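These notes concern the structure reproduced below.
Note that the structure is predicted; figures quoted are calculated from it, not measured. In what follows, every chain begins at residue 1, and chains take the letters A, B, ... in the order their sequences are listed.
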There are 2 protein chains.
Amino acid sequence: MVQNRQLSSSLEDYLEAIFNLSKKGKVARSRDIAEILGVARASVTGALKLLNSKDLIDYQPYGYIKLTDKGFQQAQSIVRRHNIIESFFINVLGVDKQIAEQAACKAEHALGPVVISRLLKFTEFSTNYSEKGTDIVADFQKYCRSKGV
Amino acid sequence: MVQNRQLSSSLEDYLEAIFNLSKKGKVARSRDIAEILGVARASVTGALKLLNSKDLIDYQPYGYIKLTDKGFQQAQSIVRRHNIIESFFINVLGVDKQIAEQAACKAEHALGPVVISRLLKFTEFSTNYSEKGTDIVADFQKYCRSKGV
DNA sequence: TAATATAGTTAGGTACGCCTAACTTTGCAA
DNA sequence: TTGCAAAGTTAGGCGTACCTAACTATATTA
C-alpha cells in the first residue's frame with residue numbers, strides 16, 4: 001500500500017469500471033476496462049498497478065482483478081455519486097439517458113458532497129412534490145416545450 | 001495562430017480569469033491571474049503563450065494582456081456557462097455562494113450544452129413557478145430542513 | 001500437444017500542467 | 001539617476017495519463 005489521499009479522476013474511473021464489470025458476475029478483465037474507458041490496454045495495466053499499490057484492488061500480473069474491501073467501499077461511493085447525478089439529469093431535467101450518463105461521468109469528479117447531497121434531495125423532493133398534486137417535473141417539461149428546448 | 005480545437009479546462013480557466021480581471025476596468029496582470037488560479041507566476045506565462053498562439057489574447061513578453069475579439073467571445077461563453085451553473089446551485093439548490101462558486105468552477109468544464117441549457121431553463125422555470133403561487137424553491141428549502149440537510 | 005490467436009505486460013515516448021530557481025525587465029523612491 | 005523591489009520570464013524538472021511497438025503469457029482449437 002502506498003498512499004491514501006484522494007484518487008485522481010482517472011483512477012476513480014478505472015475503479016468504477018472494475019466495479020461495474022464485477023457487478024455483472026463477470027471477473028473484470030483488462031480488455032473490457034480498456035474498452036469501457038476508451039484507452040489502450042497498456043494504460044489499464046498502469047492503472048491497475050496504481051490501484052493495487054493503494055490497496056484498492058488485489059492484482060498481480062496476468063492474474064484476476066478483484067476489489068479489496070476498501071476498494072469496494074470506495075467504488076460504491078463513486079457509483080453512488082454517479083447515480084445521484086445521472087438520476088437528477090434524467091428524472092428532473094429530462095435529459096436523454098445517453099447524454100445524462102456521459103455528463104454524469106464527468107460531473108461526478110467535479111461536484112463536492114454538498115452539491116451532491118442537494119441534488120439527491122432535490123430529486124427526492126420533486127418526486128414527493130408530484131405526489132401532492134403539483135407535478136414539477138411534468139410542468140418543467142411543458143415549460144421547456146413551450147420555450148422550444 | 002496555432003489551432004482551433006477545444007480549449008483545455010486549464011486554458012479556459014486562464015481565459016476566464018483574464019476576462020474577469022478585464023471587466024473590472026483593470027488590465028489583467030500576470031500576478032493577479034496567478035493569485036486567482038492559485039498557480040505560480042511561471043505557469044501563467046506558459047498559459048499566456050498558448051492563449052496568444054491560439055489568437056485568444058494579444059500578448060507579448062512584458063506587455064499588456066488583452067483579449068482579442070475571438071478571445072472575448074469565448075471567454076463570455078465560458079463565463080455564461082459558469083453563471084448558469086452557479087445560479088442554479090445558489091437559487092435552486094440553495095447552496096452557499098462560496099461553495100456554489102467553487103463547484104461551478106469545476107462543473108463548468110464537465111457539463112455539455114444540453115445539460116447547461118436545461119439548468120438555465122430550470123432556474124428560470126422555478127422562478128416563474130414561484131410567481132404562480134407555488135414556491136418550489138422555498139418548499140425545497142423546507143423539505144431540506146425537515147430532512148436535516 | 002503444437003500452432004496460433006488473444007490477452008496482458010513492458011519499455012519508451014509524448015503532451016500537459018504544474019513547480020522551483022535563477023534570470024531579466026520594469027517601475028518607483030531615495 | 002540609480003538602485004532596489006516587484007513583476008515577469010526562462011530553463012529545467014516532475015507527475016499524471018495517455019500512446020505505440022514489441023514482447024510474454026494464456027487459451028483455444030485443429
To the nearest Å, give me how far apart CG (A:L48) and C1' (D:dC18) are.
15 Å
Indicate whether OP1 or OP2 belonging to D:dC18 is found under 4.0 Å from a side-chain N or O atom of A:S10.
yes
Are OP1 or OP2 of C:dC16 and a side-chain N or O of B:Y14 less than 4.0 angstrom apart?
no
Can you check whether B:S87's main-chain N or O pairs, donor with acceptor, with B:N91's side chain at less than 3.5 Å?
yes
Compare the minimum distances between each of C:dT20, C:dA7, D:dC18 and the side chain of B:A40, then state the nucleotide with the smallest one.
C:dT20
Classify B:T45 by what it touches in the nucleic acid, base, sugar-phosphate, or nothing, heavy-atom distance under 4.0 Å.
base
B:Y59, nearest nucleotide to its side chain (from C:dT9, D:dT10, D:dT9)
D:dT9
Rounded to whole angstrom units, what separation is found between the CG atom of B:L37 and the P atom of D:dG8?
14 Å
Can you check the A:L7 CG to D:dT16 C1' distance for me, whole Å?
13 Å
One should read off an interatomic distance between A:D32 CG and A:I18 CD1, to the nearest 0.5 angstrom, of 11.5 Å
Nucleotide nearest A:V39 when distance is taken to its side chain, options D:dC18, D:dA17, C:dC18
D:dC18
Using only side-chain N and O atoms of B:K49, determine if any of them is under 4.0 Å from OP1 or OP2 of D:dT9.
no
Using a cut-off of under 3.5 Å, enumerate the N/O to N/O pairs linking the protein to nucleotides 21-26 of chain D.
residue	atom	partner	partner atom	Å
D:dT24	O2	A:Y62	OH	3.4

Indicate, with a heavy-atom threshold strictly under 4.0 Å, whether B:S43 touches base, sugar-phosphate, or nothing.
base
Are the side chain of B:K70 and the backbone N or O of B:K54 linked by a donor-acceptor pair below 3.5 Å?
yes
Expected rows: protein N/O vs nucleotides 1-5 of chain C N/O, under 3.5 Å:
none

Under the side-chain hydrogen bond (donor to acceptor under 3.5 Å, both in side chains) test against A:E12, which residue among A:Q6, A:Q74, A:R81 passes?
A:R81
Does B:S9 reach the main-chain N or O of B:H109 with its side chain, forming a donor-acceptor pair under 3.5 Å?
no
Separation between OG (B:S30) and CD (B:E35), nearest 0.5 Å, reads 12.0 Å
Using whole Å, report how far OH of B:Y64 lies from C1' of C:dT26.
11 Å
Angle between the two end axes of the helix from C:dT1-D:dA30 to C:dA30-D:dT1, five base pairs per end, rounded to 10 degrees?
0°
Just by distance, do the side chain of A:R41 and the backbone of A:R31 share a donor-acceptor pair under 3.5 Å?
no
CD1 of B:I36 versus P of C:dC18: gap in Å, rounded?
14 Å
Protein-nucleotide distance (B:L15, atom CG; C:dG17, atom P), rounded to Å
14 Å
Distance check, rounded to the nearest 0.5 Å: B:N128 atom CG versus B:T123 atom OG1?
11.0 Å
Does B:K106 come within less than 4.0 Å of B:E101, counting only side-chain N to carboxylate O?
no
Got a salt bridge between B:K147 and A:E124, using NZ or NE/NH1/NH2 to carboxylate O under 4.0 Å?
no
For the backbone of B:Q98 and the side chain of B:D96, can you confirm whether one donor and one acceptor N or O come within less than 3.5 Å of each other?
no
Give a yes or no answer on whether the side chain of B:N52 reaches the backbone of B:Y59 with a donor-acceptor pair at less than 3.5 Å.
yes
Would you please confirm or rule out a distance under 4.0 Å between OP1 or OP2 of D:dA7 and any side-chain N or O of B:R29?
yes
Assign A:G63 to base, sugar-phosphate, or nothing according to its heavy-atom contacts below 4.0 angstrom with the strands shown.
nothing
d(CG, A:L50; P, C:dT10) in whole Å:
13 Å
Just checking A:Y129 against A:F122, ring centres under 6.0 Å apart?
no
For the pair made of CD in A:E12 and P in D:dT16, what is the distance, rounded to whole Å?
15 Å
